[in-house]
Participant: 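One structure coming up, written as structure tokens, with questions to follow.
Here is how names work: the chains are called A, B, and so on, in the same order as the sequence lines, proteins then strands, and each is numbered from 1. We use all heavy atoms of the structure for the numbers below, so side chains are in, but hydrogens, waters and symmetry mates are not.
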Amino acid sequence: MMHSATDMAADPRARATRPEGTLVSDPDDGTELLEVSMGPHHPSTHGVFRMDVALDGEKVARLKPVFGYLHRNHEKLGEGNSYLASMPYTDRLDYICSLTNNWAYALAVEKLAGQEVPERAEYLRVIVGELTRVQNHALSVGFLLQDMGASGTPLMYGFREREKILDLFEALTGSRMMCNYMRFGGCRVDATPEWLDATRKVVAGLPGFADEFEALLCTNEILMARTQGVGILKPDLAVSAGITGPMLRASGVNYDIRKVDHYSIYDRFDFKVPLGDHGDVYDRFMIRLLELRQSIGILEQALKDIPGGPVMDPKAKIRNFRPKPGEAYGRIEAPKGELGFYLISDGGPNPYRYRVRPPSFVNLTVLEDMCLGHNVADVVLILGSVDIVLGEVDR
Amino acid sequence: MKTLEEIKAAIEAAVPGAGVEIVQNPGPAAQHSLRLQPGSAFEVAKFLRDDAELALNFLSNVTGVDWPDKEISEKVKVTRAVTKTVDGVEQTVEETVEETRKRVEPGYLEVVYHLFSMTQKHGPVILRMRTENRSDKVELPSMTPVWRSAEFQEREIFDLYGVVFRGHPDLRRILMWEGFKDHPMRRDYVEPDDYDYEPTAHDAVLAKAKAHQAAQQAAAEKGAAQ
Amino acid sequence: MLGEGILKGLAETAKNFAGSYVSKERLTTVQYPEERVAPIEASRVFPFLVYDGGDWQAGLRCVACQICEKECPPKCIYIEKSKDKKPDYVGKPQIYPARFDIDVSVCMSCQICVEVCPFEAIKMDTEFELATDDRFGGLLRSRDQLAKSNEYYHGIHPTEAAEVDARLAEEKAKVEAKAKAAAEAAAAKAAAEPATPAAKPAGGESK
């Protein structure tokens, strides 16, 4: 049933093995691997996350991620609650990007129940979704540099920009992070003209931020020395391991669900999908900055074209919502990768099965493959470049 | 992309005796799926990945679904001989009565795979597999050697549903801790009464907390008596 | 050139260091609690019960239908229905909540209760200073603490409250018009057929 050993070695999709020549210790000397537990309370693990690392000198010889410390059985909660009551819980999956979580869930339920979304609501979804992507990438790049030892400054630049966007979210949805904004068949509240003007102002300031960030960092020799050639992920392995989002595109695979699935109204906007060449940490860092620029472009177009009209389908039901029996899988391009919801309805008020396909969780599959043979200090960087949020990994 | 019927035909041509069934989805999403037989599923998966036209090289989502034993009660008309006393004479009469019969439809665990193609940019093709039952025959072939993305997701299903994946390189619990008993995502999971309780005046919680405290106290008294 | 990045970084740091003392938009610190930032209209913290008129017990809009209790995701609402009926602010006898508790420590400010309420009876407050020294009793808000007037609601969410008032007035006008039409129809019917004892009200119950 399994591939034979030679098969596995020849297959580029196979699990990585420790590179030749990285072993410095000689078992005959009586030296042995040093086992270190990185985490769970380690400042670089972005939450409560642990890695069982076996070290050969400075080099990583084995790495097993251990997680679940934040597990609260989100899926079981979803099965015990009505469709609507699960919406605020989705905010708490990837708590950096609550609006894209809302969107993925709303999209899946709309597929399940066969609902339509008014045009203005689609525009609002794109606007808040792309704002979420901008603030996520600003933050993840900041945290990556923080992990590298650039303590504080680049991160605070990211936070400064994110703060402006969070203020917009608060003015629109009433909450900075737990937005709970989208509903099945539209959005909860309409944006006022003042809010749209304020958003235009913030978006107009974003290219300046991107310029500043890129001028300061992209050619910084310390950053280049630390990140180039580190944590390389080959495209074949990336595809086989189901990696999605900026990480996949940094490996040079052109797969963006906004372009592939044509969901919502992304067909109307002109944007490019940035691709990397090497699949190393530097490429993942650059892809996020380039994607941030593309998102600004989408935002400008959406804010220009947004039509009037209702933001909720008038036929949508708030109370006593019971989709017909059936199942649906809906997915979107969330800032971290493919976020999907798989729902089975048995005709009742609660979903029979409520499954979240979290991008961070699946992207961790190749952590060991990327880290093997690198120094311990690089493990921190490689993990930072995956961009995980433990709320979503552990669910 | 090929229709599901064409995919089914292609699979049956490539893997003889695969026994693939189409499972209809009655909802508006109309995402129909293919049910595979566990015996041939691995070969079918390899075919789906390596076929040039389908090229389903991206396994996006793997998930478990629990379908517990279902008790179905149906009304059946039964004709039987009944001894009756009519006008003082005992005689046997054929009589038709309606009877409620209960039968138990055995449950199973189901694993669902959502496949896409990154090269052809199509999908989803949905595969399903069922275990024989929910207790001892819960083995299914692992898809991890075909698609690496199944590695953590199958571990999660093993952890939360208790499906054992044959051929998985590292089948351990992933979200719950080592040594945890039972599988929390199963429909009949009963949460253990071992939590520390904080008094809130919310009545449903209060009733539960009282029962918990009584049980804890009884256990403590039993411990003291020994 | 080696060291160029460091020099660039230092220049940026110096610029920002100086700017943080003079740039007006960057002097954002507020001396809470003496000073406060302006409240945001859309913000939502914790639910409250709206009442009309001067007396909270008489004017409570809530009719204890328990939809919010059922829909609340973390189940933080606890309602007991009254046994008797009490006239509401328009004089119609209604069931009222004999007990209405919300647990601050459980509530997650999601606003689902507001959305599912068919009677515009529960709304979100913007008050965020809910801390108390009584860990269990103090965090459970009972209906007398939750009841706030419609004027207060207008004060914190003016746009939304105006919309709600307009909607309620429209519904009330509709009900009155229907009652009037029914009365007229009944009167007309009674005039036409004096033998019929009880004329049925015209128009079916809609919704």
Participant: Give the intermediate values and the outcome of ring pair (Phe, Tyr, Trp, His ring centres under 6.0 Å) for residues A:Tyr352 and B:Trp67.
Facilitator: CA-CA 10 Å; A:Tyr352 183 81; B:Trp67 302 96; 4.5 Å; yes

Participant: Do any of residues 109-117 of chain A have a heavy atom less than 4.5 Å from a heavy atom of chain B, and if so, which, in residue order?
Facilitator: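 A:Lys111, A:Leu112, A:Ala113, A:Gly114, listed by number.
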
Participant: Could you report the tightest heavy-atom contact between A:Asn73 and B:Met185, atom names first, then the distance?
Facilitator: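 Result for this residue pair: OD1-SD, 3.2 Å.
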
Participant: For the pair B:Phe116 and A:Tyr329, name the ring-plane relationship: parallel under 30°, tilted 30 to 60°, perpendicular over 60°.
Facilitator: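 The rings of B:Phe116 and A:Tyr329 sit tilted, inter-plane angle from 30° to 60°.
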
Participant: Find out whether A:Lys64 and B:Asp170 are in side-chain contact, i.e. whether some heavy atom of one side chain is under 4.5 Å from a heavy atom of the other.
Facilitator: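 A side-chain contact under 4.5 Å exists here.
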
Participant: Relative to chain A, which segment of B:Pro124 carries a heavy atom at a distance below 4.5 Å: side chain, backbone, both, or neither?
Facilitator: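 The answer is neither part of B:Pro124.
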
Participant: Less than 4.5 Å to any heavy atom of chain A: does that hold for the side chain of B:Arg186, its backbone, both, or neither?
Facilitator: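 Backbone only.
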
Participant: Checking side chain to side chain contact (heavy atoms under 4.5 Å, CB included) for the pair B:Phe152/A:Val362: CA distance, chi angles, key distance, verdict?
Facilitator: CA-CA 7 Å; B:Phe152 280 12; A:Val362 182; over 6 Å; no

Participant: Check this for me, if you would: do A:Arg353 and B:Glu110 make a salt bridge, where the nitrogen-to-carboxylate-oxygen distance has to be below 4.0 angstrom?
Facilitator: no

Participant: Heavy-atom pairs under 4.5 Å with chain A - which of B:Ser149, B:Pro184, B:Ala150, B:Gly27 has more of them than the others?
Facilitator: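 Result: the option with the highest number of such pairs is B:Ser149.
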
Participant: For chain B, which candidate among A:Arg395, A:Arg355, A:Lys76 shows the most heavy-atom pairs at distances under 4.5 Å?
Facilitator: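 The answer is A:Arg355.
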
Participant: By side-chain hydrogen bond (donor to acceptor under 3.5 Å, both in side chains), which residues pair with A:Asp394, not counting sequence neighbours?
Facilitator: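 A:Asp394: no side-chain hydrogen bond (donor to acceptor under 3.5 Å, both in side chains) contacts found.
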
Participant: Do you know which of A:Gly326, A:Ala241, A:Gly68, A:Pro65 has the most heavy-atom pairs under 4.5 Å to chain B?
Facilitator: A:Ala241

Participant: Please determine, by modelled atom types, if A:Ser240 and B:Arg49 share a side-chain donor-acceptor pair under 3.5 angstrom.
Facilitator: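 Judged by distance alone, the side chains do not pair up.
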
Participant: Please classify the contact of B:Asn25 with chain A as side chain, backbone, both or neither, using a heavy-atom distance under 4.5 Å.
Facilitator: side chain

Participant: So for A:Glu338, is it side chain, backbone, both, or neither that comes closer than 4.5 Å to the heavy atoms of chain B?
Facilitator: side chain

Participant: Heavy-atom distance under 4.5 Å between the side chains of A:Glu79 and B:Arg187, does that happen here?
Facilitator: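 Counting from C-beta outward, A:Glu79 and B:Arg187 do come under 4.5 Å.
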
Participant: Which atoms of B:Gln24 are under 4.5 Å from chain A, going by heavy atoms: the side chain, the backbone, both sets, or neither?
Facilitator: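 The answer is neither part of B:Gln24.
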
Participant: How long is the span from the CD atom in B:Gln153 to the CZ atom in A:Phe361, to the nearest 0.5 Å?
Facilitator: 6.0 Å

Participant: List the residues meeting side-chain hydrogen bond (donor to acceptor under 3.5 Å, both in side chains) with A:Glu392, not counting sequence neighbours, and say none if there are none.
Facilitator: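 Scan of A:Glu392 (side-chain hydrogen bond (donor to acceptor under 3.5 Å, both in side chains), adjacent residues dropped) gives A:Ser360.
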
Participant: Using non-hydrogen atoms and a 4.5 Å limit, figure out which bit of A:Ser345 sits close to chain B: side chain, backbone, both or neither.
Facilitator: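 Contact with chain B: none, neither part.
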
Participant: If you round to the nearest 0.5 Å, how far is CE of B:Met118 from CD1 of A:Ile243?
Facilitator: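 A:Ile243 CD1 to B:Met118 CE: 8.5 Å, rounded to 0.5 Å.
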
Participant: Carefully, step by step, assess B:Arg148 and A:Asp369 under the rule side chain to side chain contact (heavy atoms under 4.5 Å, CB included).
Facilitator: CA-CA 11 Å; B:Arg148 263 295 290 287; A:Asp369 305 64; 3.0 Å; yes

Participant: Let's test your reading of the structure: which of B:Val112, B:Thr119, B:Asp159, B:Ile126 forms the most heavy-atom pairs below 4.5 Å with chain A?
Facilitator: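 Of B:Val112, B:Thr119, B:Asp159, B:Ile126, B:Val112 has the most heavy-atom pairs under 4.5 Å with chain A.
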
Participant: Side chain, backbone, both or neither: which part of B:Arg172 has a non-hydrogen atom closer than 4.5 Å to chain A?
Facilitator: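 When you check distances to chain A, only side chain atoms of B:Arg172 fall under 4.5 Å.
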
Participant: CD of B:Glu53: more than 12 outside heavy atoms within 6.0 angstrom?
Facilitator: no

Participant: Which answer fits A:Val393, side chain, backbone, both or neither, if we ask what part of it has an atom under 4.5 Å from a heavy atom of chain B?
Facilitator: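 Backbone only.
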
Participant: Flag the one option from B:Gln31, B:Met176, B:Lys121, B:His122 with the top tally of heavy-atom pairs under 4.5 Å to chain A.
Facilitator: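 Between B:Gln31, B:Met176, B:Lys121, B:His122, the count favours B:Gln31.
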
Participant: Can you tell me how far CZ of A:Arg72 sits from CG of B:Leu175, rounded to the nearest 0.5 angstrom?
Facilitator: 10.5 Å

Participant: Side chains of residues 247-257 of chain A: which donor-acceptor pairs under 3.5 Å do they make with residues two or more places apart or in other chains?
Facilitator:
unit_1	atom_1	unit_2	atom_2	d
A:Arg249	NE	A:Glu291	OE2	2.9
A:Arg249	NH1	A:Tyr255	O	3.2
A:Arg249	NH1	A:Glu333	OE2	3.0
A:Arg249	NH2	A:Glu291	OE2	2.5
A:Arg249	NH2	A:Glu333	OE2	3.1
A:Ser251	OG	A:Leu233	O	2.9
A:Tyr255	OH	A:Arg331	NH1	3.3
A:Tyr255	OH	A:Arg331	NH2	2.9
A:Asp256	OD1	A:Arg258	N	2.8
A:Asp256	OD1	A:Arg258	NE	3.2
A:Asp256	OD2	A:Arg258	NE	3.4
A:Asp256	OD2	A:Arg258	NH2	2.9

